[in-house]
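Because the structure is a prediction, the values reported are computed rather than measured.
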Amino acid sequence: MTDTPSIRLLIHGARGRMGARISALAATDRRFSVVGAYDIDDRSRAESHQRGSVDAIIDFSSDSGAQHALALAQRLQCAVVIGTTGLSPATMAAVHAASRTVAVMVAANTSRGVAVANHLIAQAARLLGPAYHIDVVESHHAAKKDAPSGTALRMVKALKDGAGADVPPDRIHCIRAGDIIGEHMVQFAGPGERVQIAHIATSRDVFAIGALDAAAWLAGKPAGRYTIEQSLGLVETPKR
């Protein structure tokens, strides 16, 4: 048996907070060989890679950066994990187009715990029913631009898809303060009781580890759209 890394990884947005942690952790992860770590001003270097030289891209950059990562994945014919949040309709259209030819995962949150929390809140909404009022509360650092967070919106979608539960905008509460990494809580308030399901991130490494796990799972998959829940076995991956 050999310890030679089998997954050639390109990190896109490498000088951001998340990109830096992914780069650091990937360097000690035997599953990967990091073949490139680039930021917005390194695009010409990223373009120097040839088709067949990269197995997976992880992108934590910006809306325009995500579009570049998607285009790069199509040219290189490799999988791509988009962890960038606040994606525009144009970028989501690019995701749809890219998924016709490569494996694409858009993950507003790459934490295993958040994926499990989404699974649990959908179950809670089904079991508790419409008599319980639902609120989503999310907190992040003061510099975070998008509000509600991508994770909060994914939780709202999980509630809708899993139980048909609608959460109106005025029941999504956003806090931007200090250096909070990420906290999300869904509350179900009913007659005489409240049920709360929460996820609190204490280190950005949880997202970096999750992104690396997602890339390892996605590499080599057929073209299509995939989810973090599929990578964790929480929902079945359709046969393609």
Next item on the list: Would you check if L159 and I134 make a side-chain contact, meaning some heavy-atom pair closer than 4.5 Å?
Entry: yes
Margin query: Is it the case that atom CG in D170 sees more than 12 heavy atoms from other parts of the structure closer than 6.0 Å?
Written below: yes
Only distances under 3.5 Å count here; give the side-chain donor-acceptor pairs of residues 122-132 to other protein atoms, sequence neighbours excluded, each with its distance to 0.1 Å.
unit_1	atom_1	unit_2	atom_2	d
R126	NH1	G162	O	2.8
Y132	OH	E193	OE2	2.4

Next item on the list: Kindly indicate whether the side chain of V206, heavy atoms from C-beta on, has any atom under 4.5 Å from the side chain of S203.
Entry: no
Check: Considering only heavy atoms from C-beta outward, does the side chain of H133 approach that of F188 to under 4.5 Å?
Finding: no
Next item on the list: Answer with yes or no whether the side chains of S61 and H68 bring together a donor and an acceptor at under 3.5 Å.
Entry: no
Next item on the list: Indicate yes or no: does E229 engage R112 in a salt bridge with an N to O separation below 4.0 Å.
Entry: no
Next item on the list: Determine the minimum heavy-atom distance between A14 and S23, stating which atoms define it.
Entry: CB-OG, 4.0 Å
Check: Looking only at heavy atoms, what is the nearest atom pair of A211 and I22, with distance?
Finding: CB-CD1, 4.1 Å
Next item on the list: Determine whether R8 and V35 make a side-chain contact, defined as any pair of heavy atoms from C-beta on separated by less than 4.5 Å.
Entry: yes
Item checked: For C78 against V102, the heavy-atom pair lying closest together -> O-CB, 3.5 Å
Notebook entry, point to check: When you look at S149 and H184, which way does the side chain to side chain contact (heavy atoms under 4.5 Å, CB included) test go after all the steps?
Noted result: CA-CA 9 Å; S149 69; H184 296 82; 3.0 Å; yes
Notebook entry, point to check: So, do L9 and L212 sit near enough that their side-chain heavy atoms are less than 4.5 Å apart?
Noted result: yes
Next item on the list: Could you walk me through whether Y38 and H49 pass the ring pair (Phe, Tyr, Trp, His ring centres under 6.0 Å) test, one step at a time?
Entry: CA-CA 12 Å; Y38 307 111; H49 289 276; 5.6 Å; yes
Check: Taking C-beta and beyond as the side chain, do Q230 and W217 meet within less than 4.5 Å on heavy atoms?
Finding: yes
Checklist line | Interatomic spacing from OG in S6 to CZ in R31 - rounded to 0.5 Å | finding: 9.5 Å
Next item on the list: Please name the pair of heavy atoms, one in M105 and one in A214, separated by the smallest distance, quoted to 0.1 Å.
Entry: SD-CB, 3.7 Å
Item checked: Presence of salt bridge, R176 and E138, under 4.0 angstrom -> yes
Notebook entry, point to check: When you look at T84 and D63, which way does the side chain to side chain contact (heavy atoms under 4.5 Å, CB included) test go after all the steps?
Noted result: CA-CA 7 Å; T84 302; D63 185 62; 5.7 Å; no
Note to self: What I'd like to find out is whether the side chain of M155 reaches to under 4.5 Å of the side chain of I121, using heavy atoms alone.
What the structure shows: yes
Check: Any salt bridge between D166 and R171, counting N to O under 4.0 Å?
Finding: no
Note to self: Tell me which one of M18, H12, R17 satisfies side chain to side chain contact (heavy atoms under 4.5 Å, CB included) with F60.
What the structure shows: M18
Checklist line | Straight-line distance of L76 CG to L10 CG, nearest 0.5 Å | finding: 7.5 Å
Next item on the list: Taking all non-hydrogen atoms of both residues into account, name the closest pair between T151 and A108 and its distance.
Entry: OG1-O, 3.7 Å
Note to self: Is it true that, when you exclude R194 itself, more than 12 heavy atoms of the residues, nucleotides or ligands shown sit nearer than 6.0 Å to its CZ?
What the structure shows: no
Notebook entry, point to check: How many angstroms lie between atom CD1 of I180 and atom CD1 of I200, to the nearest 0.5 angstrom?
Noted result: 10.0 Å
Margin query: Using 0.5 Å steps for rounding, measure from the CG atom of L25 to the CD1 atom of I209.
Written below: 5.5 Å
Next item on the list: Mind listing the closest non-hydrogen atom pair of Q67 and S88 along with its distance?
Entry: NE2-OG, 4.2 Å
Next item on the list: Would you confirm whether D39, through its side chain, and R15, through its main-chain N or O, come within 3.5 Å as a donor-acceptor pair?
Entry: yes
Notebook entry, point to check: Considering only heavy atoms from C-beta outward, does the side chain of Q77 approach that of T101 to under 4.5 Å?
Noted result: yes
